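Basis for what follows: all heavy atoms, side chains included, without hydrogens, waters or symmetry-related copies. As the structure is a computational prediction, the values presented were derived from the model and not from experiment.
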Amino acid sequence: PTEAKLWTVGTPQSTRRRAEQSSEMASLPICPSSPSSFLSWPHRPISLSFQPKNHSSSASPAAAHVSVQDSPPQDPAPPSDPGQNPKISSTAKFLWVNPNSPRAAELARARAGSGRRARLAAAAAALAACEPAEAPVAAALEAAFPEAPSEQDAAIVLNTAAGNPATAVLALRWFLENAEVRSKVILYNVVFKVLRNRRRWSETEALWDAMLRDGVQPDNTTFSTVISCARACGPPGKAVEWFEKMPESGCSPDMLTYSVVIDAYGRAGDAEMALRLYDRARSERCQLDPVICATVIKVHSTSGNFDGALNVFEEMKAVGVKPNLVVYNTVLDAMGRAMRPWVVKTIHREMVSQKVQPNRATYCCLLQAYTRARYGEDAMIVYRKMKDEVMDIDVVLYNMLLSMCADIGYVDEAEEIFRDMKSSMDTKCKPDSWTYSSMVTLYSCTGNVPGAEAILKEMAEAGFKPNIFILTSLTRCYGKAGCTDDVVRSFGMLKELKITPDDRFCGCLLTVAADTPVEELGKVVDCIDRSNAELGTVVKLLADRKASTESFKEAARGILSGARGVVKMPYCNCLMDLCINLGQMEKACALLDAALQLDIYSNVQTRTQTQWSLHLRGLSVGAALTTLHVWMNDLYTTLQSGEELPPLLGIHTGEGRNMYSDKGLASVFESHLKELDAPFHGAPDKAGWFLTTSVAAKHWLEAKKSSELVAV
């Protein structure tokens with residue numbers, strides 16, 4: 001009979017105790033073929049593991065030695081003096097496992113797998129350290145693989161040692177000659193992937209030719225990898241060209257290939273072909289997946305078809321395809337580009353309810369959508385969420401936030417963001433010239449001269465020079481604060497910095513001139529004349545009461561017809577403000593007539609059978625008052641001709657803050673209509689509208705002469 005001993009060596013004291021127990025157990029016969037002898041143990045069920053009484057020492061895995069091959073260690077005799085035998089540690093433990101047990105097989109497999117992984121990692125490291133030459137690569141691989149490696153080992157090494165694509169190609173050749181390869185295309189596909197990740201298009205084409213010379217037939221994975229490489233780094237039409245080669249090799253595109261090619265067509269600017277391929281994939285009853293849906297959404301977004309992007313998103317959910325993080329990020333970006341922040345909020349809520357964890361790209365899409373639409377509160381919530389989760393916020397996102405804050409007057413929030421930028425240790429977050437420009441614009445809108453000058457000083461200390469945008473904002477700030485001499489000084493900085501005044505700077509000077517007292521107006525007019533002589537002539541004709549209205553109108557028509565589209569309306573608004581401030585209503589009306597003829601103002605008046613309306617939203621206060629004056633005269637003329645007015649008359653001013661005035665246009669008009677004793681009253685159910693009936697308007701118009709309608 002075979003005798004078995006189960007050894008567990010603990011402290012020297014427990015060693016002797018277990019040795020005695022083991023000697024008693026050794027006297028019992030144990031027959032492997034008769035398991036019933038284990039069951040007949042009279043004292044307790046037998047266990048293949050003994051827990052030492054010293055639990056604290058058994059908890060240390062570093063002191064346990066497990067063997068499935070060696071015989072149990074012999075228990076040395078305890079020394080009389082602990083210092084005589086330093087080799088025995090009170091914490092050393094050995095566990096011998098029966099080689100016939102299932103646990104022994106598991107341990108053996110684990111040890112073998114660990115050794116294989118270490119061997120392959122060493123081979124990959126040696127390959128990565130090689131020069132891209134045939135001899136060093138072959139020597140490194142021969143040393144790593146004394147015997148022929150398997151196909152799987154070759155694929156792992158090629159995929160791991162992907163630092164140098166040239167080395168990977170040389171290693172591929174060695175493996176094809178020396179490894180036990182059943183399918184060469186698998187190894188080719190691994191190296192194609194390496195080249196794609198490193199964006200090596202010329203090497204990809206060369207490897208393709210070598211593969212065909214080797215007689216290896218490409219498969220779908222080969223084509224999808226090569227096509228995605230062409231899309232990433234080749235010419236725009238290369239991916240499409242490779243897609244069209246698939247039938248020649250007997251390959252049919254799958255959904256992954258369709259996705260890559262659809263994106264390639266989109267990048268090449270052929271959205272129509274991309275969507276045609278998408279329809280073809282659906283007609284072939286290919287199973288839609290999030291990858292291809294995200295690709296089609298991106299194609300729609302790039303081509304400006306935002307409704308199409310949203311339709312694909314809704315369609316994929318309708319057919320049971322669950323959107324993943326990439327799909328949500330893609331559609332959020334599309335809706336942000338479409339300036340639909342309300343849709344962005346809905347999709348984000350849906351994403352959270354579906355327990356899809358947002359990442360940095362998600363928050364960037366939200367931030368861009370909200371800042372573009374000037375959703376200040378929502379943008380700040382997202383910003384603070386990113387700060388709480390310690391996400392990377394670069395200077396572009398910071399500047400988008402600051403630009404939004406400057407436009408909507410978020411002074412405290414902008415100062416918080418600016419402090420965060422300066423305190424950040426990341427160089428990508430440090431303020432740049434656009435940052436300082438936004439801060440100067442913010443303070444200029446509120447007339448905070450000390451704040452704007454402090455930013456300008458800080459900007460100079462940071463090594464940045466003021467540009468035209470900063471000087472434009474600074475000039476506006478001085479003008480709003482009534483500092484005319486500082487306006488002239490900031491204009492002089494243009495010459496010092498060799499900056500040429502542009503249309504926006506001239507428009508800023510016009511805005512300043514409209515708010516400048518008459519006694520100091522000449523200083524600002526001189527700056528306008530030096531910036532743009534033709535515009536200066538128009539302003540001089542406007543301010544000169546002796547100049548004829550007709551000459552002023554012709555000069556104004558000339559400057560407006562030659563100006564860029566984005567500055568035509570601001571020029572008109574500022575010039576009419578200046579007309580009103582100087583009491584030149586006749587010239588203001590002539591300027592309005594020229595602007596209407598040039599289509600600078602469109603749809604100012606609308607007429608239906610039931611209502612005539614005056615639309616003033618977007619006009620400055622002076623332009624709006626001038627338009628009201630002309631409209632009242634038109635209504636009076638209509639009554640004098642015997643024509644009836646419609647049942648309802650309305651004036652639409654909008655409800656937001658007017659960029660040309662500290663007050664909203666609605667509040668200005670409410671006060672002005674009361675001064676005129678006009679029968680127009682704010683509509684309770686339509687914000688920004690003033691309405692009256694034809695009866696009340698007729699009575700009021702007949703009670704006054706047209707020359708007395710508007711008192712400015």
State whether the side chain of [X] and the backbone N or O of [Y] hold a donor-acceptor pair below 3.5 Å, judged by distance alone.
X      : Y      : result
Asp426 : Cys429 : no
Gln217 : Ser249 : yes
Arg504 : Thr472 : no
Glu180 : Ser150 : no
Ser301 : Ile297 : no
Asp502 : Ile468 : no
Lys430 : Ser424 : yes

Is there a side-chain contact (heavy atoms from CB on, under 4.5 Å) between Arg276 and Asp279 once you walk through the steps?
CA-CA 5 Å; Arg276 193 180 305 164; Asp279 293 335; 5.5 Å; no
Does [X] [atom1] have over 12 foreign heavy atoms under 6.0 Å away?
X      : atom1 : value
Glu241 : CD    : yes
Lys322 : NZ    : no
Arg564 : CZ    : yes
Arg199 : CZ    : no
Glu147 : CD    : no

Would you check if [X] and [Y] make a side-chain contact, meaning some heavy-atom pair closer than 4.5 Å?
X      : Y      : answer
Val261 : Leu277 : yes
Asp307 : Asn305 : yes
Ser228 : Arg196 : yes
Leu158 : Val194 : no
Cys364 : Leu397 : yes
Tyr410 : Leu442 : no
Thr295 : Tyr278 : no
Leu401 : Tyr383 : yes

What distance separates [X] [atom1] from [Y] [atom2], expressed to the nearest 0.5 Å?
X      : Y      : atom1 : atom2 : result
Cys251 : Lys245 : SG    : NZ    : 13.0 Å
Leu170 : Cys130 : CG    : SG    : 9.5 Å
Asn467 : Leu494 : CG    : CG    : 10.5 Å
Cys405 : Met400 : SG    : CE    : 12.0 Å
Ile347 : Arg340 : CD1   : CZ    : 10.0 Å
Thr204 : Asp209 : OG1   : CG    : 11.0 Å

Given side-chain contact (heavy atoms from CB on, under 4.5 Å), test Trp201 with Cys229 step by step and report yes or no.
CA-CA 7 Å; Trp201 177 243; Cys229 181; 3.7 Å; yes
With Ser224, which residues qualify under side chain to side chain contact (heavy atoms under 4.5 Å, CB included), at least two apart?
Leu256, Thr257
Those residues that, when tested against Lys568, pass side chain to side chain contact (heavy atoms under 4.5 Å, CB included) (two or more places apart):
Ala563, Ile600
What verdict does the side-chain hydrogen bond (donor to acceptor under 3.5 Å, both in side chains) test give for Asn189 and Thr221, after you've listed the backbone C-alpha separation in whole Å, the side-chain angles of each residue and the deciding distance to 0.1 Å?
CA-CA 7 Å; Asn189 289 343; Thr221 304; 4.6 Å; no
At their closest point, which heavy atom of [X] faces which heavy atom of [Y], and how far apart are they?
X      : Y      : value
Pro290 : Met316 : CA-CE, 4.3 Å
Ser438 : Ala406 : O-CB, 3.7 Å
Thr362 : Asn359 : OG1-OD1, 2.9 Å

Salt-bridge criterion met for [X] and [Y] (N-O under 4.0 Å):
X      : Y      : answer
Glu350 : Lys317 : yes
Glu177 : Arg173 : no
Asp394 : Lys428 : no

Evaluate Cys365 against Arg360 for side-chain contact (heavy atoms from CB on, under 4.5 Å), listing each step before the verdict.
CA-CA 9 Å; Cys365 292; Arg360 180 184 180 274; over 6 Å; no
Filter on ring-ring contact (aromatic ring centres under 6.0 Å, His included), then keep only pairs touching residues 324-363, sequence neighbours left out; what's left?
Phe313-Tyr328
Would you please classify the geometry between the Tyr436 ring and the Phe418 ring as parallel, tilted or perpendicular, with 30° and 60° separating the classes?
perpendicular
Per salt bridge (Lys or Arg N to Asp or Glu O under 4.0 Å), Arg384 is matched among Glu416, Glu377, Glu413, Glu389 by Glu416
Determine, step by step, whether Asp333 and Lys298 satisfy the salt bridge (Lys or Arg N to Asp or Glu O under 4.0 Å) criterion, reporting the C-alpha distance in whole Å, the side-chain angles of both residues, the deciding distance to 0.1 Å, and the verdict.
CA-CA 9 Å; Asp333 178 71; Lys298 184 178 179 181; over 6 Å; no
Stepwise side-chain hydrogen bond (donor to acceptor under 3.5 Å, both in side chains) test for Asp432 and Thr435:
CA-CA 5 Å; Asp432 60 7; Thr435 308; 2.8 Å; yes
Paired with Trp434, the ring-ring contact (aromatic ring centres under 6.0 Å, His included) test is passed by just one of Phe469, Phe464, Tyr398, namely Phe469
